[in-house]
Amino acid sequence: MALFGRSRTAAPAPRVEDFGFAELRGGGSRVVIVPALGGKISQMELGGRQWLWTSDVLPYATPDESASYAETADSGGYDECFPTAAACKVPTWVKGFGGVELPDHGELWSQAPSIDVRTSPDG
């Protein structure tokens with residue numbers, strides 16, 4: 001696109017590496033977890049095959065509980081949805097929580113992570 005005689009290019013889409021991740025390997029398996037994206041599992045390789053889909057349209061983005069997950073953050077992978085997958089209201093008969101509104105993708109998805117990685121002295 002040209003704007004006043006200059007060409008503009010879009011900034012590169014964020015990658016998993018831009019958010020930080022933990023990679024677990026064992027045997028022929030590999031899992032990549034991205035805590036800053038709600039604990040998203042972005043890659044899962046088993047038996048030499050990648051089992052998770054990744055969007056070529058929506059880039060990775062930090063979770064925002066006020067936005068619709070499907071429109072802003074469904075970049076693929078596996079997301080934990082606790083305690084619900086869709087925005088809803090807790091039934092009024094539930095003691096202490098009746099009427100509480102829960103966001104799309106649950107409450108934990110958009111929480112900022114706290115990470116503590118520990119390994120034994122021998123790895």
Side-chain angles (χ1 to χ4, degrees):
M1 166 193 332
L3 181 64
F4 302 110
R6 294 176 148 167
S7 64
R8 294 178 49 135
T9 58
R15 302 169 306 144
V16 167
E17 294 82 3
D18 298 331
F19 295 95
F21 62 91
E23 182 174 324
L24 307 173
R25 291 178 179 259
S29 303
R30 177 176 166 262
V31 175
V32 175
I33 303 166
V34 189
L37 299 180
K40 177 187 289 289
I41 298 175
S42 66
Q43 297 178 33
M44 183 169 58
E45 294 176 13
L46 303 167
R49 178 176 182 210
Q50 176 55 247
W51 288 89
L52 300 178
W53 166 83
T54 301
S55 174
D56 57 354
V57 178
L58 288 176
Y60 290 111
T62 305
D64 179 358
E65 80 172 36
S66 65
S68 165
Y69 173 81
E71 294 174 4
T72 61
D74 192 6
S75 53
Y78 176 86
D79 296 292
E80 180 56 51
C81 302
F82 182 83
T84 181
C88 65
K89 204 178 263 192
V90 176
T92 56
W93 54 264
V94 177
K95 286 186 179 180
F97 297 97
V100 171
E101 292 189 28
L102 298 172
D104 184 7
H105 243 56
E107 295 204 321
L108 299 181
W109 169 70
S110 61
Q111 299 298 312
S114 175
I115 309 299
D116 185 15
V117 178
R118 299 177 187 196
T119 58
S120 64
D122 59 345

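Residue indices begin at 1 and follow the sequence shown.
Rounding to the nearest 0.5 angstrom, the gap separating the OG1 atom in T62 from the CZ atom in F19 is 4.5 Å.
In the hydrophobic clustering of ILVMFWY residues, with side-chain heavy atoms under 4.5 Å counting as a link, L24 and V34 come out apart. I41 and W51 fall within a single hydrophobic cluster, where Ile, Leu, Val, Met, Phe, Trp and Tyr are joined by side-chain heavy atoms under 4.5 Å apart, directly or via other members. By the criterion of side-chain heavy atoms lying less than 4.5 angstrom apart, applied directly or through intervening Ile, Leu, Val, Met, Phe, Trp or Tyr residues, V31 is grouped together with L52 in one hydrophobic cluster.
Between S75 and P59, the shortest heavy-atom contact is CB-O, 3.8 Å. Nearest heavy atom pair, residue P35 against residue G20, reads CD-O, 4.1 Å.
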Got a list of side-chain donor-acceptor pairs under 3.5 Å for residues 84-97, not counting sequence neighbours?
residue : atom : partner : partner atom : Å
T84     : OG1  : A86     : N            : 3.4
T84     : OG1  : A86     : O            : 3.0

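Among residues at least two apart or in separate chains, side chain to side chain donor-acceptor pair (under 3.5 Å) pairs with a member in residues 17-34 are E23-R25, E23-R30, R30-Q43, R30-E45.
Shown are V32, I33, T54; of these, the side chain to side chain contact (heavy atoms under 4.5 Å, CB included) with V16 is made only by V32.
Listed by chain and residue number, nothing satisfies the side chain to side chain donor-acceptor pair (under 3.5 Å) test with R15 (two or more places apart in sequence, or in another chain).
Two residues are said to be in side-chain contact when any heavy atoms from C-beta on lie closer than 4.5 Å; L37 and S42 fail this criterion.
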